[in-house]
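Notes follow once the structure below has been shown.
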Amino acid sequence: MRRIRCLLFLALTCAAAPLLAADCTVANRDAVLALPLQVFDGDRDDGWRALVQRPGCTLETAELIADYRGRQPAATGDLPLIWREAHLRALSGQRDPASALMRQTYKPAQADMGGWNAYVDATIAFLDDDLPALQQARARLAALPPPPGRVVRDGKLQVGAEQVPWPPRLSVVDALVRCMYQPYALAYEACPTSSPY
């Protein structure tokens, strides 16, 4: 009798699973895809950010960004928006498409004062399971000099009235190193501070 109850419970649970799936539909999709770039990318209540806040809608949000970039000429080459799509795809486990998109976000060397290209290299190396390349990118980022005339103290750069970590995004790259060969979502969002190796 206990076995029948377990089987019945399992059958009901499996039958209910589609009902528990995330609702990632965008009721006003055409209107969202017609938004100006600043609103689509920057407004928390409109654009892609409204969708990504729903649990389980990460991949659908990446698809929404891809559709937007395909429809809006101003967004086609927008590097931050390309990176956001790539990041969401990586979080969803789509390593190869994410890596391909990330390769489109490099800055010209003379415009890369904040180590963006080293960060991109590190993230791609993580997605490609290339630990030596990840370590090399991390070393390049860690050696990044501060902007001319600025001083770094205790890993912080004074910018106006506030202090910001320097180099930027080094803590993210350190998490990628610590959680190498793990899912990107784990490494990016919840990697432990001590190495699992």
Side-chain angles (χ1 to χ4, degrees), residues 21-130 133-134 136-138 140-141 144 147 159 164-173 175-176 182-189:
D23 178 13
C24 299
T25 57
V26 179
N28 55 345
R29 189 177 187 89
D30 288 335
V32 169
L33 294 174
L35 290 170
L37 178 59
Q38 301 88 330
V39 175
F40 180 81
D41 191 32
D43 193 302
R44 294 196 74 69
D45 298 321
D46 290 318
W48 69 271
R49 294 175 194 273
L51 180 59
V52 80
Q53 293 175 30
R54 296 186 213 167
C57 296
T58 305
L59 183 57
E60 290 79 0
T61 304
E63 295 295 338
L64 181 68
I65 293 172
D67 289 350
Y68 184 83
R69 290 191 321 104
R71 286 192 188 190
Q72 296 290 339
T76 301
D78 186 76
L79 300 186
L81 200 55
I82 294 170
W83 180 264
R84 294 187 215 307
E85 179 188 344
H87 175 70
L88 292 169
R89 289 191 184 284
L91 288 173
S92 299
Q94 291 190 340
R95 288 176 166 236
D96 291 340
S99 181
L101 285 165
M102 288 175 181
R103 283 181 169 82
Q104 297 175 34
T105 67
Y106 287 109
K107 295 180 177 181
Q110 68 275 15
D112 185 21
M113 301 306 215
W116 175 257
N117 292 344
Y119 175 63
V120 172
D121 285 340
T123 307
I124 291 170
F126 177 87
L127 295 174
D128 291 346
D129 290 329
D130 188 345
L134 174 54
Q136 289 171 359
R138 192 241 178 248
R140 284 196 338 268
L141 185 60
L144 187 71
V159 178
V164 295
W166 190 265
R169 297 172 290 278
L170 184 61
S171 62
V172 175
V173 173
L176 297 179
Q182 301 296 320
Y184 177 76
L186 172 70
Y188 187 83
E189 296 175 342

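Note that the numbering runs from 1 along the sequence shown for the chain.
- The closest donor-acceptor contact from the side chain of Q104 to the backbone of I82 lies at 3.5 Å or more, if one exists at all.
- The shortest distance between side-chain heavy atoms of R89 and L101 falls below 4.5 Å.
- The existence of a salt bridge linking R84 and D41 is confirmed by a sub-4.0 Å separation between a basic side-chain nitrogen and an acidic carboxylate oxygen.
- A search for ring pair (Phe, Tyr, Trp, His ring centres under 6.0 Å) contacts involving W166 returns nothing, not counting sequence neighbours.
- Note on R140 versus D121: salt bridge recorded, some NZ/NE/NH1/NH2 to OD/OE distance being below 4.0 Å.
- More than 12 heavy-atom neighbours from other residues, nucleotides or ligands sit within 6.0 angstrom of CG on D128.
- M102 is listed as a side-chain neighbour of L127, based on a closest heavy-atom distance under 4.5 Å.
- The residues R71 and D30 are annotated as salt-bridged, a charged nitrogen and a carboxylate oxygen being separated by less than 4.0 angstrom.
- In this structure a side-chain-to-backbone donor-acceptor pair under 3.5 Å is present from Q53 to R49.
- Of the possible donor and acceptor atoms, one in the side chain of D112 sits under 3.5 Å from a partner among the backbone N and O of N117.
- No donor-acceptor pair under 3.5 Å is formed between the side chain of N28 and the backbone N or O of A31.
- Side-chain atoms of Q38 never come within 3.5 Å of backbone atoms of D43 as a donor-acceptor pair (strictly under, hydrogens ignored).
- Side-chain contact check for W116 versus V120: some heavy-atom pair is nearer than 4.5 Å.
- Side-chain atoms of V172 and F126, non-hydrogen and from C-beta on, never get closer than 4.5 Å to each other.
- Partner of Y184 under the side-chain hydrogen bond (donor to acceptor under 3.5 Å, both in side chains) criterion, out of R95, Q94, H87: H87 alone.
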